[in-house]
Protein chains: 2
Amino acid sequence: MNNLEPTLFDSYRDLYRPYVNAVNNRLAKHQLYTSQWVVLRLISIKESCTLAELAKETRVEKPSVTRIIQKLMELGYVEIKQGEDKREKYVQLTERGAEVYASLQLELSSFFNELTVGIDSEDLETTRVVLNQILQKLLS
Amino acid sequence: MNNLEPTLFDSYRDLYRPYVNAVNNRLAKHQLYTSQWVVLRLISIKESCTLAELAKETRVEKPSVTRIIQKLMELGYVEIKQGEDKREKYVQLTERGAEVYASLQLELSSFFNELTVGIDSEDLETTRVVLNQILQKLLS
DNA sequence: AATAGATAGTTACCCTAACTAACTATTTTA
DNA sequence: TAAAATAGTTAGTTAGGGTAACTATCTATT
């Protein structure tokens, strides 16, 4: 057999599907998927922002953002306000959206804690930093 | 604004698309995608194995493996031998497949080195271990 | 002030990467 | 030997994302 030991990047990729599926299971009670969750989270953090900003920050193309926002509006979790610049649409959470966000935020935090229980917190921080460094390199 | 700092899991997910796209770009010259690459790599490591083994080790359902193997056969990178148990099919690399694998393996290694240049190698190892620990927790 | 170019968002259509359900062909087991 | 299990396939579905081409509006240049 060749060169067996999995590298950092093998481990990285191995984790992806199980991780996303586990998160999706938890989001399902509010009819959400991770892609929508990421956007909902960003809207909550920024309080109000345009679709173009969402596209830029999530690094997802505008048509994908449009679709996600349409879904979040259908679910009643976000609402849209016309910008002063009439091309722009500002998105913000509805009351219901804020509730759902808060509830899922709690649940996911506790899930993430479970997943990392017993792991040295310095090591977790190192991991976070390393993943960010790789992302920065990739984007540069 | 709320609770801004991205967590380990935010960083983990942020990296995924840019990473997969970058890898896919490099695989494209041999008409491959990461999902197929993962399977090609496993076949190379195991030298010969059944579709069921591939499904189990990649944690992908059998129909997905069937499709990937069909594609790899079309490309002439793998071939199939009937098992003694007539239900089984053993997959192995063709000569061409072995060449392509070796060439891409080199190129990807060097790409991964670029992505991690300047990062402490202990920190890289810590990251690898932490990602594995999280995966194990997720699967348990 | 008019027009050419840039920007915000949408629509239509495409692709990868997976999934489940239901099937056939074999092999194992009770 | 009949029932259950296993290997693989086919058909159909979904999430998640992309590109091309469009409309509407705004900005900048002549």
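This one's a predicted model, so the numbers in the text were calculated from it and none came from an experiment.
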[X] [atom1] - [N] [atom2] separation (whole Å):
X: Ile68(A); N: dA15(D); atom1: CD1; atom2: C1'; answer: 10 Å
X: Glu88(A); N: dT10(C); atom1: CD; atom2: C1'; answer: 16 Å
X: Arg59(A); N: dG18(D); atom1: CZ; atom2: P; answer: 11 Å
X: Glu53(B); N: dA7(D); atom1: CD; atom2: P; answer: 9 Å
X: Leu72(B); N: dT16(C); atom1: CG; atom2: C1'; answer: 14 Å
X: Glu84(A); N: dC26(D); atom1: CD; atom2: P; answer: 10 Å

Given [N], is OP1 or OP2 found less than 4.0 Å from the side-chain N or O atoms of [X]?
X: Thr66(A); N: dT10(C); result: yes
X: Ser64(B); N: dA17(C); result: no
X: Thr34(B); N: dA17(C); result: yes
X: Gln70(B); N: dG8(D); result: no
X: Asn24(A); N: dG16(D); result: yes

>> Base, sugar-phosphate or nothing for Lys86(A)? Non-hydrogen atoms, less than 4.0 Å.
In response: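 Sugar-phosphate only.
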> When all nucleic acid strands are considered with a 4.0 Å heavy-atom cut-off, which category describes Glu61(B): base, sugar-phosphate, or nothing?
Replying inline: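 Base, at least one base atom sits under 4.0 Å.
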> Would Asp10(B) and Thr7(B) count as having a side-chain donor-acceptor pair, cut-off 3.5 Å?
Replying inline: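 Checked: Asp10(B)/Thr7(B) side chains pair up, N/O donor to acceptor below 3.5 Å.
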> Will you find, in the side chains of Asn113(A) and Ser110(A), an N or O donor that is under 3.5 Å from an N or O acceptor?
Replying inline: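 Short answer, no.
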> How do Asp85(A) and Val20(A) order along DNA chain D: which one's closest nucleotide is nearer the 5' end?
Replying inline: Val20(A)
> Between Pro63(A) and Tyr33(A), which is nearer to the 5' end of DNA chain D once each is assigned its nearest nucleotide?
Replying inline: Tyr33(A)
Measure from the side chain of [X], starting at C-beta and using heavy atoms only, and say which of [options] lies closest.
X: Lys89(A); options: dA17(C), dG9(C), dG8(D); value: dG9(C)
X: Lys62(B); options: dG17(D), dA17(C), dG8(D); value: dG8(D)
X: Arg87(B); options: dA5(D), dG17(D), dC19(C); value: dA5(D)
X: Arg17(A); options: dA11(D), dA18(C), dT10(C); value: dA18(C)

> Tyr101(B) ring centre to Arg41(B) NZ or CZ under 6.0 Å, with the angle to the axis within 45°?
Replying inline: no
> Should Leu15(A) and Val129(A) be regarded as members of a common hydrophobic cluster, given that ILVMFWY residues are connected when their side-chain heavy atoms come within less than 4.5 Å of each other, either directly or indirectly?
Replying inline: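 No; tracing contacts between hydrophobic side chains, which count when under 4.5 Å, never links both residues.
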> So does Glu53(B) pair up with Lys56(B), basic N to acidic O under 4.0 Å?
Replying inline: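 Looking at Lys56(B) together with Glu53(B), the answer is no, because their closest N to O distance does not fall below 4.0 Å.
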>> Looking at Glu95(B), I want to see if its CD is surrounded by more than 12 non-hydrogen atoms of other residues, nucleotides or ligands under 6.0 Å.
In response: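 Atom CD in Glu95(B) is not crowded, with 12 or fewer foreign heavy atoms closer than 6.0 Å.
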> Does the dA17(C) base have a donor-acceptor partner in the side chain of Arg67(B) within less than 3.5 Å?
Replying inline: no
> 5'-most contact on DNA chain C: Leu51(A) or Ser35(B), nearest heavy atom basis?
Replying inline: Leu51(A)
